[in-house]
Amino acid sequence: MYKVCVIGDRDSVLGFKAVGFDAFPCIGVDEAKKALSKAAKEGYAIVFITEGYAKKMLSAIDQYKEEKLPAIVPIPGMDGNFGVGFGKLKKSVERAVGADILFGGEHK
């Protein structure tokens, strides 16, 4: 069975325990990077990470983009939505189809 975890600030991730996800509450980007590395080594299939941390650690996340697992999915945290998740989706679609088919380059 695949494991799922959430990485982010304490207030954003603890609620995910109620639905059976493992939570890695972090204080700071360095701690979040270590949690991501740990999750990858421990075989987590899906790693949700709050956008507040994701936008500050894109190079650490990109290390796993060619790997089958883990799938790393940015999600809004308690501090709001920064568009990181949409941006990564948009880039993936562009890479797959060879063109910007989402909003013609405009995102509001």
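Just so it is clear, the values below take in all heavy atoms, side chains as well, and ignore hydrogens, waters and symmetry mates.
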> Drop me the distance from Y53's OH to C26's SG, to the nearest 0.5 angstrom.
6.0 Å

> What's the shortest heavy-atom distance between K3 and E42, and which atoms?
NZ-O, 2.9 Å

> Heavy atoms, side chains only, cut-off 4.5 Å: are P70 and Y64 in contact?
yes

> Is there a donor-acceptor contact under 3.5 Å linking the side chains of D62 and S59?
no

> May I ask you to decide if the ring planes of F24 and Y44 are parallel, tilted or perpendicular, using 30° and 60° as cut-offs?
perpendicular

> If I take atom NZ from residue K38 and atom CD1 from residue I7, how far apart are they, to the nearest 0.5 angstrom?
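Rounded to the nearest 0.5 Å, the NZ-CD1 separation comes to 10.0 Å.
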
> Is there a path from V19 to F48 through hydrophobic residues (I, L, V, M, F, W, Y) whose side chains come within less than 4.5 Å of each other?
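V19 clusters together with F48.
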
> Tell me every residue that passes side chain to side chain contact (heavy atoms under 4.5 Å, CB included) with K56, counting only those two or more places apart in sequence or in another chain.
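With sequence neighbours excluded, K56 shows a side chain to side chain contact (heavy atoms under 4.5 Å, CB included) to V29, given in chain and number order.
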
> State, with a plain yes or no, whether a side-chain heavy atom of I61 is found less than 4.5 Å away from one of L36.
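Yes, close enough: below the 4.5 Å cut-off.
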
> Rounded to the nearest 0.5 Å, what separation is found between the NZ atom of K55 and the OG1 atom of T50?
10.5 Å

> Give me the other members of the hydrophobic cluster that Y2 sits in, counting Ile, Leu, Val, Met, Phe, Trp and Tyr linked by side-chain heavy atoms under 4.5 Å, directly or via other members.
L69

> Of I75, V47, I49, D22, which meets side chain to side chain contact (heavy atoms under 4.5 Å, CB included) against V6?
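Looking at I75, V47, I49, D22, the match for V6 under the side chain to side chain contact (heavy atoms under 4.5 Å, CB included) is I75.
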
> Between CG of D9 and CD of E31, what distance do you get to the nearest 0.5 Å?
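Between D9 CG and E31 CD, I get 11.5 Å after rounding to 0.5 Å.
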
